[in-house]
Amino acid sequence: QVQLAESGGGSVQAGGSLTVSCAASGYTYRPYCMGWFRQAPGKEREGVAFIYTNSGSRYYADSVQGRFTISQDNAKNTLDLQMNSLQIEDTAMYYCAATTRISGGQCTLEQYEYGYWGQGTQVTVSS
């Protein structure tokens, strides 16, 4: 079965940087898209960024555009999210996710498109 495992979360001061990583295993073929989502207590889970795994094309939510970078390392079979200029509002549990389909169409940041999820890693930004 497909498994996703996040790591790299922690506490950081506002304005600082942090990179969270996702290790993927159990794939026969790469998923069509992979993404990062986050959820703060009392708030809806929201999409942060996703990547088309074959082409490397990336998409970001407006709230993180210019600050976050999603990338994949096929040799290591990992997905990273580099977060710069972190703000208190970025505090959340960050989840790695992958689509169940392996080809076709456009991906979005709607969570229903993603069938595989990690357990999450906590990112806390303080002033």
Side-chain angles (χ1 to χ4, degrees):
Q1 296 288 341
V2 174
Q3 290 186 315
L4 304 174
E6 301 94 338
S7 63
S11 298
V12 63
Q13 294 279 80
S17 299
L18 194 67
T19 298
V20 291
S21 298
C22 173
S25 62
Y27 288 109
T28 301
Y29 305 99
R30 283 198 297 271
Y32 189 50
C33 291
M34 296 190 69
W36 284 96
F37 294 76
R38 66 186 182 184
Q39 186 172 21
K43 296 184 180 297
E44 295 287 330
R45 182 165 55 185
E46 63 175 343
V48 175
F50 72 83
I51 184 170
Y52 290 89
T53 59
N54 285 334
S55 69
S57 296
R58 308 164 185 177
Y59 180 86
Y60 299 92
D62 290 342
S63 60
V64 306
Q65 179 70 48
R67 299 189 297 119
F68 291 10
T69 302
I70 186 172
S71 62
Q72 61 181 354
D73 187 332
N74 290 332
K76 297 180 179 180
N77 203 25
T78 57
L79 180 77
D80 292 346
L81 182 69
Q82 182 180 22
M83 301 177 286
N84 298 324
S85 301
L86 282 162
Q87 304 165 5
I88 294 176
E89 293 78 14
D90 295 317
T91 295
M93 185 75 74
Y94 282 73
Y95 298 92
C96 173
T99 56
T100 55
R101 60 194 176 113
I102 61 174
S103 66
Q106 299 178 9
C107 293
T108 71
L109 284 172
E110 295 291 335
Q111 61 179 300
Y112 68 82
E113 296 185 347
Y114 298 80
Y116 302 106
W117 296 84
Q119 296 299 306
T121 186
Q122 179 68 38
V123 173
T124 301
V125 184
S126 61
S127 61

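All values below were derived from every heavy atom in this structure, side-chain atoms included, with hydrogens, water molecules and symmetry-related copies excluded.
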Taking side chain as C-beta onward, heavy atoms only, is W117 less than 4.5 Å from Q111? yes

Ring geometry between Y27 and Y116 (parallel below 30°, tilted from 30 to 60°, perpendicular above 60°): perpendicular

Please examine the side chains of L4 and M34, heavy atoms only from C-beta on, and report whether any two atoms are closer than 4.5 Å. yes

By ring-ring contact (aromatic ring centres under 6.0 Å, His included) - contacts of Y52 (at least two apart): Y32, F50

Before you tell me yes or no, could you show the steps for N74 and R30 under side-chain contact (heavy atoms from CB on, under 4.5 Å), namely the whole-Å CA-CA distance, both residues' side-chain angles and the distance that decides it to 0.1 Å? CA-CA 9 Å; N74 290 332; R30 283 198 297 271; 3.8 Å; yes

Do S17 and Q82 have side-chain heavy atoms sitting under 4.5 Å apart? no

For Q87, is the CD atom crowded, meaning more than 12 foreign heavy atoms sit under 6.0 Å from it? yes

If you count every heavy atom of other residues, nucleotides or ligands that lies below 6.0 Å from Q122 atom CD, does the total exceed 12? yes

Identified salt bridge (charged side-chain N to carboxylate O under 4.0 Å, His left out) counterpart of R38 within the set E6, E44, E46: E46

Close side-chain approach of L109 to W36, heavy-atom, < 4.5 Å: no

Holding to side-chain hydrogen bond (donor to acceptor under 3.5 Å, both in side chains), I want the full list of residues that pass it with Q13, two or more places apart in sequence or in another chain. S126

Taking the side chain from T53 and the backbone from P31, do they hold a donor-acceptor pair closer than 3.5 Å? yes

Would you mind reporting whether F37 and Q39 have side-chain heavy atoms less than 4.5 Å apart? no

Please walk me through it: do D90 and M83 pass side-chain contact (heavy atoms from CB on, under 4.5 Å)? CA-CA 9 Å; D90 295 317; M83 301 177 286; 6.0 Å; no

